[in-house]
Structure formats: C-alpha cells, structure tokens
Number of protein chains: 2
Amino acid sequence: MPEIARRPENRYGNRPTMKDVAARAGVGLKTVSRVVNGEPGVTADTERRVQEAIEALGFRRNDSARVLRKGRTASIGLVLEDLADPFYGPLSRAVEEVARAHGALLFNGSSAEDPDREQELALALCARRVDGLVIIPAGGDHRYLEPEIRAGVATVFVDRPAGGIDADVVLSDNHGGARAGVAHLVAHGHRRIGFIGDMPRIHTAAERLRGYRTAMEDAGIPVEPSWTSLGATVPERVRRAAEEMLSGPAPVTAIFAGNNRVTVTVVRVLAELGRPVALVGFDDFELADLLRPGITVVAQDSGRLGRTAADRLFRRLDGALVAPERVELPTRLITRGSGELPPAG
Amino acid sequence: MPEIARRPENRYGNRPTMKDVAARAGVGLKTVSRVVNGEPGVTADTERRVQEAIEALGFRRNDSARVLRKGRTASIGLVLEDLADPFYGPLSRAVEEVARAHGALLFNGSSAEDPDREQELALALCARRVDGLVIIPAGGDHRYLEPEIRAGVATVFVDRPAGGIDADVVLSDNHGGARAGVAHLVAHGHRRIGFIGDMPRIHTAAERLRGYRTAMEDAGIPVEPSWTSLGATVPERVRRAAEEMLSGPAPVTAIFAGNNRVTVTVVRVLAELGRPVALVGFDDFELADLLRPGITVVAQDSGRLGRTAADRLFRRLDGALVAPERVELPTRLITRGSGELPPAG
DNA sequence: TAGAGCCTGGACAACGTTGTCACGGGCGGG
DNA sequence: CCCGCCCGTGACAACGTTGTCCAGGCTCTA
C-alpha cells in the first residue's frame, strides 16, 4: 500500500512555509521569521542563506497565520450602497488611500440599499476580524453592530447616520445644502418650485426634503402637495413625477432634484419639453457644465467624506479614545445656468 | 504581587472564543464548532445551550483562524487602476456580484497606473492568501506572479493582457472597435482624421491606435504625423493636442478620442471652437446622449468584462483545469450625432 | 586567563479554529 | 439477555506564524 502524502494536496497549493525555508537554509524557524520581518539579531551570512532559500522556494509569508498570532489584520471594510454609482467611486478611493497610508488593505462590498445585505456584509467583515468598518448605512438599525464595536471594531458611518447606536458619523450638510439650493431658485423669482427625491426612509433624502421645506417656509411660500414627489428614483417614476408637476393650470417653474440620478432624468424630460424650466440638483456630476444650459448643483465632496471618515477610523485605531462625534461637511452651490433661469409664464 | 491578566488586553478587544462559549455552555470545544457550522450530530438540547451561550457572550467565529485551518479564504482580490474612474465602477461591481454568488468577499485596490504599486498590491493580496486575483494590469511584466499562480492562486487579467506569463485574459476588442469608429468617420466623408490617445505602453491605447491606423489604411489615406497625439491624458495636454490639430492650413475635420477622459476634454475644446468638427470617442459615458450634438462612441461593456473575468476565475477555483485562454469581447458603435457631422470646409 | 556580558540562534508555546479519532452509553437484534 | 453498533460528545493535534526564553559562543575587561 503506497504511503499517502501527509500534506493535503491542495491547501494553499502546497506552498512552502517558514519551516521549509528553515530546513533548506539549515537554520531555525524563528531565524527565518526574523529575516522575513527585518528584525535585528541575524548575521549577514545567515540572512543571505535564508534569503536564498526564500527565493529558491518562492516563499511568501502567510498573513492569515500572522494575523491570527498578532491580533490585528491590517485590513478595513467598506460597506457602501453601490460601487458602480459614480458618487461612491471617489469616496471609495479616498478611503483606500488613507488605508494604504496606514498599511491596511480594503475589503469592499455593496449593500444594494438592502438593510439585510448590509448587515450580512458588515458581520462577514467582522468575522474576518477587520480592524475597522466604514459603513454607508442602508438600514436604519445598527444595533447588530453593538457587540462588535464593544469588542474593538472601530466603526465610522458615512453619508447617513447610524440607527440605534452611538458611533462616529460623517455627513454632508444635506439640509443646509438643499435649503440653499431652493433659496437660490426663490432668489431668481420662482415661487412654484417642485421637489423630486428619494424615499424619505433614506436619511439624506429626508434631510434634503426638509431643506426644501425650510427654504419654502423662509420665503413664506405654502407648498402644494402636488409639488413634491418622493419614492423610488427609477427613471420612469421620476419622469412621470416631473411631467405631472409641469402640467396642469399652475405648473411649477423650477425643480429641485434630490440626487444626481433624479437630476439626470429631469434634464432629459426638460430637454424634450422645450419650455425653459429652472433646475437645481443635489450632487454634482461630470459634464454638468457641458450641457446647455449648464446644470446648477449643490455639490458635496464625496472624496472628502471618505477621507474624513477613514481618518477618524484610523485615529481611533491608533488609540484615540474620544467620544463618538458627528461631523457635518459643508456643501457648495455651483451656478452654471439652469438654476438662474427666470420663471416662465 | 497581583496576578497579571493572562489574556493580552487588546487582541481582538478580548473577544470570546469557542473555548469561552464551550465553558459557559458546559460542553466541549468541538461541540461548539459543530453548532456554529451547522454540522449534524448535536442534540436539540445541547444546541440550545450552546446557542444561548453564543448570544450571551456575543461570540462571532474568527474566520482568520478558520482560514488558517481550512486553507481557503473565500476572498478574492481586485487590482484596478482607479476605483474613482467611472469605467471601473461597473466592472468592480460585477466582480463583486460574482464573488458574492460564490460566498466570497472582495479585496479592492487601485494601482494608480503604477506598475510597482500594482505588484505591491497583488503580492500583499497573495500574502493574505486570497483564493484568486482579478488584475487590470498597470505594468507590462507579471512574471512576479509566477510562483503565486503555480502555488494555486487563480488569476485572470482584464482589460489589458498580462506580460511575460501565460494566464487568462479578458479584453475588449480595442483594435476592432477603434477601426470601426474611424471607419465610421471615413464613411461620413472625412479624410483628415486626428487621433488623441494615451501612452502606447498601455495596451488598450496601443491597440486603439493600431485600429485607427488600420482603418486609415483600409481607406487608403496616408496618416500625417501631426494628426496623432499620444501621451498623458491630463486635460491640458489633450487640449493643446486638439488645438494644434485643428489649426494650420489643413486642419483635421474629425477627431477620434482614445478614451473617455480624452473625449470629454475634446468636447470642451470643440464647444469653444464654434466650428463643427466630427468626434467619435472610445468608451461610452453617462450623458453622452444629452450633449448637443450627442456624442457618438465605441462602447465597451465594463460590467460584462468584470463578470466574464470573475466567472472564469471561479470556474478555475472550482477545479476546472483548462488551459489559459484569451477572451475578446465585442464593442458597439453608438451613433448620436457627433460622429455623423460632415467635414467642414 | 578567567569571568561577565552580549549577541546570535533555536526550542517551544500560543493564537482560534477544524479534522480525526476514541470513548461511553443506549438501543436493537439475535 | 447479551453483544455489537451507532450516535453524541470531547480530547487532541494541526494549520503557519510570532513572542518568550534560554543556551552557547564570542568578546572585552580586569
């Protein structure tokens, strides 16, 4: 009966370990570890022998084992809504850069705006023992993270606040931004101003709606129910909402769009309409300046959101034991033409 | 002398382990493992006791240790050029979805078009023992991955081919796409056609240039050196290149733009010019249809690139021992107006 | 030249999990 | 009624690394 190979054939495809390197170099295990980690206490000659063995075998340290031993994984997790959404690209990249500066790798996952999936992802990342989490909440209840945070997972929420727990949050000034955007329309003579936004269970959507209402109240304009559309932002629905507001005996003369997907659809509707209607959108987007007219927007800096959040996270990992904080970043109104159109009719 | 705590204070923030759960439930370690993993052979009563202990302690399995024992990490790495680039968003998301379907998590890193950084990232991921890698090459030499691939890391290259090693590659038909785009301009009567692209050391850029040359040759048009601009795609340079081609006694009447960043800059230049110049761009981009004229593009499906690559990767992980293959996905010409302008002058 | 101290290197345990195996008790069949 | 089998359970080793500690040989000084 032939001897069965002891090493299971396909663990890491039978990778060499420090033990193998040590055997080949004729030194002890720990000496290899020292060389690999650049620790002092190894003579030049020994080091050379070890290096040669490493080269020859194609050894690469198994960071999984290292992690197990050291207790830190040097990795963080980012849970966002959709990697494919241009808004999250710069945010994601910014988080990555900060992580890189701290020698950490980044796990990335999309919740697809589904609270269950967000939880599943976040907990899977915790099981991997990421050192920290940056979460763009999809759900409104994050108590499931309580044991994790207590156990030391640094956690920062971005773009939307956490629900039910006390944690760091980095937000844009959605209320103030929307208020300023709508006030801008008012300043240009509009009174019948429509608002098309996302489901109000999403915090940013609710805040922007609130900003709209505040601005209208500031201007002493009572808001007609038909001027407001909340709900899914699939193009067909936005299109229908816009068309309804723009028809009838007293149509709106300006629209405030609650996010970039809405803005784009509204631009399409207006292009077909022929009649000039003022438009201000929340979120900047590429090429907004190239359209005719250029689209006036309330811009938030998604890269800065990510950088701020990641900075906070690593400060916490570096031992800062400050109380959880809520940071609100300012928005910026960029005028390009569409928001400065006078009311028609 | 007080007893010093045995448990180092801040490993995983002193998380409970299976051992702790076992002690609390009054069962053996392995029984906890069985419950956690849903293995059979545990009575309902025992299971209940274990579950209670898990809840009470807030236990979560340490997948790092699990990985060490099992040899598979259920994670894959994606090395791309820039997460913030809209082209990579859908690609990244597609890879993530496939990974998710296979129960794997996704590491994500940007090489910033720097070969050293690509290598550093890829090797860091290998050290974490990712099961597989999806790489969008920044460099032209990937022999550094040879030992890793031999050791069993499934590797698929996307968007650009690997250098120096035999591995799976998923590409767009850059040559054919560019050729078709330029031929489209020729068909609309243009003969003096400019090409503005990226550095030819980037494979896609070189292929698209080749496609341009093939199309010109097909049409029997000799290419003037001044019609071609290759190099960094920072806006200022593209702008200068475009302005040069468009001036002089025999300016180009059409421009083929080698990627979406170039296209956008060219659109800006043309908008300022006032004179109609035909334009076809490689890569589609959002809102291309809303510009006046709409921008005609050669579109590639970045999501499909990612999906195809990830599918291949997991097929390999599932044991398929097929030879490395080169897959080329078709591109699609989308006419929107800018490519159908007749030559001016 | 002898003793003290330093410097290099290795043996060993531990990290938290899973695979292997053995043990004991209950039950069914002969 | 007894034997054997199966089922539930737990002890133990192993995964690959790092931290601790000790041994042995060297150098430097008195």
>> Considering every strand and a 4.0 Å limit on heavy-atom distances, what is the contact class for Asp63(B): base, sugar-phosphate, or nothing?
In response: nothing

>> Could you check whether the side chain of Arg34(A) and the base of dG9(C) have a donor-acceptor pair of N or O atoms closer than 3.5 Å, going by distance alone?
In response: yes

> Under 30°, 30 to 60°, or over 60°: which ring-plane class applies to His142(B) and Phe157(B), parallel, tilted or perpendicular?
Replying inline: perpendicular

> How many Å lie between CZ on Arg66(A) and C1' on dG16(D), as a whole number?
Replying inline: 12 Å

> For Asp168(B) and Ala323(B), which heavy atoms make the closest approach, and how far apart are they?
Replying inline: OD1-O, 4.3 Å

> Is any side-chain N or O of Lys19(B) under 3.5 Å from a base N or O of dG16(C), one able to act as donor and the other as acceptor?
Replying inline: no

>> Output the rounded distance in Å from CE (Met18(B)) to C1' (dC12(D)).
In response: 16 Å

> Of the nucleotides dG16(D), dT18(D), dT18(C), which has the atom closest to the Lys30(A) side chain?
Replying inline: dT18(D)

> How far does CD1 of Ile54(A) sit from CZ of Arg49(A), to the nearest 0.5 angstrom?
Replying inline: 12.5 Å

> Using a cut-off of 4.0 Å on non-hydrogen atoms, how would the nucleic acid contact of Val42(A) be classed: base, sugar-phosphate, or nothing?
Replying inline: sugar-phosphate

>> Categorize Arg61(A) for me: base, sugar-phosphate, or nothing, with a 4.0 angstrom heavy-atom threshold over every strand shown.
In response: sugar-phosphate

> Under 4.0 angstrom, heavy atoms only, what part of the nucleic acid is Ser33(B) near: base, sugar-phosphate, or nothing?
Replying inline: base

>> Just verifying a value: how many Å separate Arg316(B) CZ and Ile149(B) CD1, rounded to the nearest 0.5 Å?
In response: 9.0 Å

